[in-house]
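See below for the structure under consideration.
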Amino acid sequence: MNSKPAPLALYVHWPWCLSKCPYCDFNSRPADPANLPEAAYLNAITAELNHYASQTNGRNLTSIYFGGGTPSLMEPQTVAQVVESASRLWGLHSDCEITLEANPTSVEVAKLRGFRAAGANRVSVGVQALNDADLRALGREHSATQALRALDIAGAVFDRFTFDLIYARPEQTLRAWEKELSQALAVGSDHLSLYQLTVEPGTEFFRRNVREADEDLAVKLFYLTQEMMQGAGLPAYEISNHARPGAHSRHNLTYWTGGDYVGIGPGAHGRIRDQGVTSATHQISDPARWLEAATKHGHGTAKVRILSAAERAAELLLTGLRLPEGVSRERFTEQSGLDIMQALDPQGLKILVDAGLVKLDDSTLCVSPEGRLTLNAILERLLV
Amino acid sequence: MTELSHIRNFSIIAHIDHGKSTLADRLIQHCGGLTDREMSEQVLDSMDIERERGITIKAQTVRLMYKAKNGETYQINLMDTPGHVDFAYEVSRSLAACEGALLVVDASQGVEAQTLANVYLALGNDLEIIPVLNKIDLPAAEPEQVRAQIEDVIGLDASEALLVSAKSGIGITETLEAIVHRLPAPKGDRNAPLKALLVDSWYDSYLGVMILVRVVDGVLKRGQKVRMMAAGSAHQVEQVGIFTPKIARLDELGPGEMGYFTASIKTVADTNVGDTITDDKNPATEPLPGFKPSVPVVFCSLFPVDAADYDDLRDSMGKLRLNDASFEFDPETSAALGQGFRCGFLGLLHLEIIQERLEREFDLDLITTAPSVAYKLQLIDGRQVDLHNPADMPDPTQIKAIEEPWIKATILVPDEYLGSVLGLCTDRRGEQVELTYVGNRAMVVYRLPLNEVVFDFYDRLKSISRGYASFDYEMDGYSENDLVKISILVNNEPVDALAFVCHRSQSENRGRQVCERLKDLIPRQLFKIPIQAAIGGKVVARETISAMRKDVTAKCYGGDITRKKKLLEKQKKGKKKMRQFGKVEIPQSAFINALKMGDD
């Protein structure tokens, strides 16, 4: 056995929300909070914890992430039991990061202390906007005042907290965003996720034909954001994520650096590497069907697929190149079994290197700051 | 064998969709050529493409036995003619094999340009013409107006035009009676040396090349050694027969009769439409009049999308040529598109048909360059060269003169669109020859450079006349003009496949149009891409495709990774439709769409 077992992250998906936001393309379903099948859910999750723990013996958890949906709709007791089971089954790394996503409505905020007691040590608040008109347009159930209050409390309860904002909203000007982002910075969190609005197929916004910001404005908004965040001491450590040094989300970095993660709950994805081979796991998306399967069979896995070296390579690049430091060649080889040159199209690489969009040396492949904005086009050219 | 007096040979002339095939089907059905069960719609158009486009590409013939009301039985030979201008010569040979023709006009539509051209061909061959007004049971039918049109436009007596609905079976017996009583019987001498007109030929995978003939004099027999008078080759006849439309073997074909024979001929390239077939030992002294070898007039290049398909493409074109000798191809190497072929066609439709057959029957993905014409170049050193590819144009300093092919176009158009049509013709350097008003329609005859028509003229004509204009053309010689080659540079490199020739007076305009069009056709990329049009070293137009600035996905967590990877795979697949040119990727479709002139 390996002297130092590979670290492992755990993602727990809670699928229910009070209502579906019009931009959201996550696996979430509106539900009546009084009638949530929480006990059944806990049983099913516990079954899946057991199921996956038996496949990843001897590995400590470096992070747990409760995502959704709206996991803050859960009773703190449920969270406590999941953390406890995970701890018993795998063992938690000494500084295991345990994050829970929460909405800033009053009911949920009142539970923050409970979540803290349940073992969570980081909270991620879904603020999305700091003006009421846009919050309404985004389908959020809270006001800007409530959001700021929630952040106050989050800061008081948790050592580490972060929040999300969506920008490049319809008709949002550079000035308006500058003002809103200043307000956000004044909150004083050491982590912020700043996403440009994208209109995804299957969402309400898509059906309503909501337009994304035009490219010129989107680029300006992006650079304004980089500048302000850099100035405030929270530079980007990923396309849409900013943190003070050391305050990055360890859980999310696991995704981007090709680490292993177990994904449980409806629609959750996982990547588990065993003896050099990476499997992609995917749980049943529909909450009711997932519940039934997990209850009956001990897990609600829809699919386990062994990734080919080429697929694995593509994933490692499409996540790793989102980071300023890029992809470590040594780690790439360890994770995919390929030399990075085997995964790259030589002609495309040359064109991109000549254009200064991509940099390759003995240890690292990385994309320039401007290049990261056109990462999709770069990947198209870069991959074999 | 049937007495000459009891034979009738005829063809059907009609515009697309005016009901030629349906009428042929009814005649076959009525004479019992096929049982109802065997009758699939439109028996004669056997190729898929023919059926889909409603046009006939290869001529075919059907022998029917009709018992007339006078109690006599007649041998009726129906010659199905190719229905398009590109095959005008083939049409004229098919018509030359007949004594009469049915002129089918849709009673709700009236006479169209193509009908006119074929009627003139028929009249030129001294055929007796019976006007047939089809679709008379349609509510929109206006038989009296169309009758008047036939008299005014074509100058035919239409007082005895037949009133028919082929679809509903109205007027079929009347049509057969008219064929028997109004069309002349063929003439011919059974004892004279064999003289047969080669009407068409095609490759059959079991029988080899089948040759369709009309015997004029003498007898064509199984076992006979025959000679092709123009080709000069001799062949032993193996099989003689007819189509009823089922194939039926016979011992011989006599004067006035139509049928096929086989003679171990390997490719149709060894047979020439219009050639005279005679007896090898006892040859005729004079061939039948009117033989003309076929010459391609429209050219374009075909490249396989996947370079690995090059051999397949060559083999497939070879197979098509087995059946279509008028289609020519030679290997070509393009800096932009790699290895491919420069191909020659009889016309635009011919080009489309070949391209479609290659893609469909042989499952090949092709890049087609914009069509061009054959220029005749006189060089300073006195040499004369035919230029089939603008990319091969010599340096202007070596050229003394350039001649380009012209056509005579006939366009029939409703009055209200006449202005736009005249504008289009003038735009394309047309010279008006004639303008005649026919009721509420105008018939315009223009001389136009083929170069200006070869591309999107027909599309434009259809669009500015809302589909009402009909168009036909014939070749009308070569004449010298001030022509220049325009090179297109993408990212400062000339793209040979985009070069084209145009009149100097239009060069800047066209250059600019192509640059603007390419700007829309080439998607933005990671770099700024300049696009220029140049004559020699002089840039006459320039556009720039700005660089793509942002396309990164905002979120990329657990489930997004799988989704994003799938998207990336899809994009990579889409890129197969692109051609790498230096660091620029050009979509395949751009090579043909760039030169379309559009509405400006």
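Here is how names work: the chains are called A, B, and so on, in the same order as the sequence lines, proteins then strands, and each is numbered from 1. This is a predicted model, so every value here is computed, not measured. FYI, side chains are in, hydrogens and waters are out, and symmetry mates aren't considered; it's all heavy atoms of this structure.
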Distance-only check: which donor-acceptor pairs of chain A and chain B lie under 3.5 Å?
from, atom 1, to, atom 2, distance (Å)
A:Asp25, OD2, B:Arg563, NH1, 2.7
A:Tyr195, OH, B:Tyr557, OH, 2.5
A:Gln196, OE1, B:Lys550, NZ, 3.0
A:Glu215, OE1, B:Arg524, NH1, 2.5
A:Glu215, OE1, B:Arg524, NH2, 2.5
A:Glu215, OE2, B:Arg524, NH2, 3.0
A:Glu215, OE2, B:Arg549, N, 3.0
A:Glu215, OE2, B:Lys550, N, 2.9
A:Asp216, OD1, B:Arg549, NH1, 2.9
A:Ser240, OG, B:Ala554, O, 2.7
A:Asn241, ND2, B:Tyr557, OH, 3.1
A:Trp256, NE1, B:Cys556, O, 2.7
A:His269, ND1, B:Thr562, OG1, 3.4
A:Arg271, NH2, B:Thr562, OG1, 2.8
A:Glu315, OE2, B:Lys565, NZ, 2.9
A:Arg322, NH1, B:Thr553, O, 3.0
A:Arg322, NH2, B:Thr553, O, 2.8
A:Arg322, NH2, B:Ala554, O, 3.1
A:Leu373, O, B:Asp551, N, 2.7
A:Leu373, O, B:Val552, N, 3.1
A:Leu375, N, B:Asp551, OD1, 3.3
A:Asn376, N, B:Asp551, OD1, 3.2
A:Asn376, OD1, B:Lys564, NZ, 3.1
A:Asn376, ND2, B:Asp551, O, 2.7
A:Ala377, N, B:Asp551, OD2, 2.8
A:Glu380, O, B:Lys572, NZ, 2.8
A:Glu380, O, B:Lys575, NZ, 3.3
A:Arg381, NH1, B:Lys583, O, 2.7
A:Arg381, NH2, B:Lys583, O, 2.9
A:Arg381, NH2, B:Glu585, OE1, 3.2
A:Leu383, O, B:Lys572, NZ, 2.5

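- Contact of A:Ala377 with chain B is made through backbone and side chain together, with heavy-atom distances under 4.5 Å.
- Atom CG of A:Leu318 and atom SG of B:Cys556 lie 5.5 Å apart (nearest 0.5 Å).
- Not counting sequence neighbours, the partners of A:Pro170 by the side chain to side chain contact (heavy atoms under 4.5 Å, CB included) test are A:Leu197, A:Val210.
- Residue A:Val384 touches chain B through its backbone alone, counting heavy-atom pairs closer than 4.5 Å.
- Neither the backbone nor the side chain of A:Leu194 has a heavy atom closer than 4.5 Å to any heavy atom of chain B.
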